[in-house]
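Convention: sequence-line order gives letters A, B, ...; per-chain numbering from 1.
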Amino acid sequence: MQETYNPAEIESEAQQHWQENNSFKVSEDPDREKYYCLSMFPYPSGKLHMGHVRNYTIGDVVTRYQRMLGKNVLQPMGWDAFGLPAEGAAIKNNMAPAKWTYSNIEYMEGQLRQLGFGYDWDRELATCKPDYYKWEQWLFTELYKKGLVYRKNSVVNWDPVDQTVLANEQVIDGRGWRSGALVERREIPQWFIKITDYADELLEELDNMGDWPEQVRTMQRNWIGKSYGVRFAFPYELDGKAEQLWVYTTRVDTIMGITFCAVSAEHPLALHAAQDNAELAAFLEECQSGSVAEADLATMEKKGMPTGISVTHPLTGEQVPVWVGNYVLSGYGEGAVMAVPAHDERDFHFAKAYGLEIKHVIQVGDKSFSTDAWEEWYADKENGVCVNSDKYNGLNYADAVDAIAADLSAKGLGEKQVQYRLRDWGVSRQRYWGAPIPMVHCDKCGIVPVPKEDLPVVLPEDVEFDATGGSPIKKMPEWSNTSCPACGGPAERETDTFDTFMESSWYYARYTCPDAGDDMLDERANYWLPVDHYIGGIEHAILHLLYARFYHKLMRDAGLVSSDEPFTKLLTQGMVIAETYYRDEADGSKTWFNPADVDTEQDTKGRVLSAKLKSDGQPVVVGGTEKMSKSKNNGVDPQDMVDLFGADTVRLYTMFTAPPDQSLEWSDEGVEGANRFIRRVWSLAANRSGEISGAGSDTCNLDDTQKEARREIHAALKQARFDYERQQFNTVVSACMKVVNALYKLGDSAADKVVLKEGFSIVLRLLAPIAPHVTHKLWRELGYGDEILDTSWPEADESALVQESIQYVAQVNGKVRAKINVPADAAREAIEQAALADANVQKFIDGKTVRKVIVVPNKLVNIVAN
RNA sequence: GCCCGGGUGGCGAAAUUGGUAGACGCAGCGGACUUAAAAUCCGCCGAUCAUUGCGAUCGUGCCGGUUCAAGUCCGGCCCCGGGCACCA
């Protein structure tokens, strides 16, 4: 056996072995328990980053572990290939998005193979291929026929200089990223899918999804935001006509405190009032600038202007002024709100700013209300009761809502209503690099979906890009001109493309039958689905995961799948972060330096004192740890690490350094430590291969030291099993390290060798999912078997764990005062007596009365004395 | 602004979920091997005080509470991160 560990050789040999033996190719086998393990597929941005490596290592570890438990495991891989960055790259490199994307895929696929991930590559798919997006085009037309798809106006970021729609990401401080022009909000017709029809099911199902992290379920619940409220109207007269201003509120109990109403800048009432009010018209104009992102809307300065129109309070008959507020969202609810400054914080500040009346109508206990400053209790609906509210005085929230809703209903001016925060899914994008929306506009027939036999509507890939970022297919009449599928007359194609979330919402299902030619999915889908274990970044907790859940239900209702939910178990991994270094430039900007190009100086405790750039020896500022990104230039290239240490080291390091759901901080020294551990495993095998090789196990009488070593090995095995089950892989690795440390202490006797061999074969199997190459090699080299990949999981020997005496902690009043050894079968009284007899314990209870003695089995004794 | 997380030694973390805080590793220090260095192996390693030794006090972001016992549970704050519907 070779003395030194040579990862490059071992890894290419193992990878070749898996490829030649089709080790990861799987098919449906009704006799075996299936396990579908899936990692979120990557966007082919150029090369793998550390976040990918971490994500896919977790997935591969789960895959190989489940396989050793005897399951029929599917682990596929593919490419989320449509998206905005390809268009940016097209402009920058003068290269068509398709070409750029395909070359990235080719390179990144090679990287994935080098990391030893066990994918069934026969199932690989790329979402930009027509035979993939054909099926989401088809499903969309089916949904249209079912009435689940509709078209309506919706607001986008418009760059007035480049004459193009911008993504929220492309709006920086309210300006277009390329042109620098102030962004405008513009309404255009777009396609929507009725996700709100499924809101209740999407919400209720969350209660049964116990294998999803609670935080993700909470985020989705809040996002759906089911609320119980009242929709009601303020009557008013306009140009002699009776009109109604409708609002929705969850706090109708405060209705007697209304002092004004606020409408959005797009509201018909606002538009009408602006017709002969130049100042208001200018304000509405001003409200049209800025991004459409909710975070921007919510943090901007709250501004308003009176419309001059008053409406009638539905219960009191008082006149209520209507204002335009830039903070009122036109897309949510009615685009208009009632305002109760006394009991809503946002209304309170708005009223203070514009000198509007504040009417106190909810009281909690004997607290005193003042209009000087906002206090939390003003909005307390749990403990509040109505005051200054005529007949509703003294009612609590629930009773007030019932009484007021009944009165509004009697007048025909309102009723209780359930509402969702969730909005319908807008799937139109005014971009080129996406799946064309399969709709045709015909002057005679209106909108006509493209029939199945004419699908896919293929996106032309050989296109020229201009610098404004406008979509080429919007300027290609030879593509957009077509004939109407209904009447055969001249018609035009829809030139918008789908949101890329459309592709990522069903790829997991297509992997089960990627070659299905006649249908979106075939019967194989129901063998594999739902996905048993889904792994991906926490940043996808809401949007991607909610759309995928929705899409699954759409496919179910189209008869394509039989399950209700797509992902049984979810693991959300944390970010990969690293130290940042920069220098301030004269123009106020910062230049960021890669950690690899910086040397640090540390004090004796290892704290970083200062840092210098390697190339010029001049100081740089230490900027703290942040998410690895291009903008901070703190990315560590996984390829460099694989080239230097091998895939096993990189995999082991990413698993060992942090639990999967926490952020992982990159450290060069840490990687060396991981590499050191693998070399330690290798050296142990190389040094003692003659003594520990061969299949089968031996038995021998063990002395106390050997028994203790064996106990440590089996305790670590038990812990590793427990930790694999709960996906805490960092402690799996530390269990392996403990075993190896114990093995290093064993000597040369026959009994030592028996323990050593058993322990070594155990640690190789514990490590196999994490470091598959080196364990594959050693397993064969030592003659333990052919395929560690298919070796069954080792079981802990409970008899090895039994101890004759157990160490108890003796506490006095909760403080540790002694450690005592007690026979394992000692009675409670004996344990108490042993603790009380200890000299140091005696010192602390001397002169006091023992009130109580608590014994926690196998752990501690606490003596309460005073 | 709203929703969801997280804060434990010099550093990454552990504590099987209310029962010995700091397992395992990194860095550091000391020793062995070596002509030497690297590599490797062995040992020490929260702070303060005390010390020949035993030990004592403090310590899990901050303030308060519940409990025989709190990193863990409850209430209030501070800081950091993720998401906010056209980044993926």
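Atom name C1', nucleotides rC33(B) and rA47(B): the rounded distance is 36 Å, in whole Å. rC62(B) and rC78(B) are spaced 7 Å apart, taking the C1' atom of each and rounding to whole Å. The same atom, C1', is picked in rU48(B) and in rG12(B); the two are 26 Å apart, to the nearest Å. Using P as the reference atom, rG82(B) and rC73(B) are 25 Å apart when rounded to the nearest Å.
rG9(B) shows a glycosidic angle within 90° of 0 and is accordingly assigned syn. With its glycosidic angle within 90° of 0, rU17(B) is assigned syn.
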Heteroatom pairs (N/O) under 3.5 angstrom, protein to nucleotides 81-85 of chain B:
{"residue": "rA85(B)", "atom": "OP2", "partner": "E294(A)", "partner atom": "N", "Å": "2.9"}
{"residue": "rA85(B)", "atom": "N7", "partner": "R423(A)", "partner atom": "NH2", "Å": "3.4"}
{"residue": "rA85(B)", "atom": "N6", "partner": "R421(A)", "partner atom": "O", "Å": "2.9"}
{"residue": "rA85(B)", "atom": "N1", "partner": "R423(A)", "partner atom": "N", "Å": "2.9"}

Heteroatom pairs (N/O) under 3.5 angstrom, protein to nucleotides 70-78 of chain B:
none

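Listed by chain and residue number, nothing satisfies the ring-ring contact (aromatic ring centres under 6.0 Å, His included) test with Y808(A) (two or more places apart in sequence, or in another chain). Residues forming a side-chain contact (heavy atoms from CB on, under 4.5 Å) with R251(A) (at least two apart in sequence, or on another chain): T249(A), D253(A), T254(A), I362(A), K381(A), Y397(A). Evaluation of the ring-ring contact (aromatic ring centres under 6.0 Å, His included) rule for W100(A) yields no partner, not counting sequence neighbours. When the ring-ring contact (aromatic ring centres under 6.0 Å, His included) test is applied to W374(A), the partners found at least two apart in sequence or on another chain are F348(A), Y378(A). For R431(A), there are no salt bridge (Lys or Arg N to Asp or Glu O under 4.0 Å) partners two or more places apart in sequence or in a different chain. Contacts of N687(A) classified as side-chain contact (heavy atoms from CB on, under 4.5 Å), with partners at least two apart in sequence or in another chain: E3(A), S683(A). By the side-chain contact (heavy atoms from CB on, under 4.5 Å) test, V841(A) is found to be paired with A810(A), V812(A), R817(A), A818(A), D838(A), I845(A), I863(A), residues two or more places apart in sequence or in another chain being considered.
Each of rA27(B), rA23(B), rG12(B) was ranked by its minimum atom distance to the side chain of K738(A); first place goes to rA23(B). Among the nucleotides rA27(B), rU20(B), rG5(B), the one closest to any side-chain atom of V816(A) is rU20(B).
For the residue pair V855(A) and R828(A), the shortest heavy atom distance occurs at CB-NH1, 3.8 Å.
Nearest-nucleotide mapping onto RNA chain B: of D723(A) and F844(A), the residue sitting toward the 5' end is D723(A). Comparing Q719(A) and N222(A), the nucleotide of RNA chain B nearest to each residue sits closer to the 5' end for N222(A).
In the region residues 673-680 of chain A, proximity to RNA chain B at under 4.0 angstrom, judged on heavy atoms, holds for G673(A), R676(A), R679(A), R680(A).
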Pair assignment for RNA chain B - dot-bracket with | for other-strand partners, Watson-Crick or G-U under 3.5 Å:
(((((((..(((......[....))).(((((.......))))).((((.....))))..(((((..]....))))))))))))....
Distance-only donor-acceptor pairs under 3.5 Å for side chains of residues 44-52 of chain A, two or more places apart:
{"residue": "K47(A)", "atom": "NZ", "partner": "D637(A)", "partner atom": "OD2", "Å": "3.2"}
{"residue": "H49(A)", "atom": "ND1", "partner": "G51(A)", "partner atom": "N", "Å": "3.0"}
{"residue": "H49(A)", "atom": "ND1", "partner": "H52(A)", "partner atom": "N", "Å": "3.3"}
{"residue": "H49(A)", "atom": "NE2", "partner": "H52(A)", "partner atom": "NE2", "Å": "3.4"}
{"residue": "H52(A)", "atom": "ND1", "partner": "H49(A)", "partner atom": "N", "Å": "3.1"}

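Note on N840(A): a side-chain N or O is less than 4.0 Å away from OP1 or OP2 of rA56(B).
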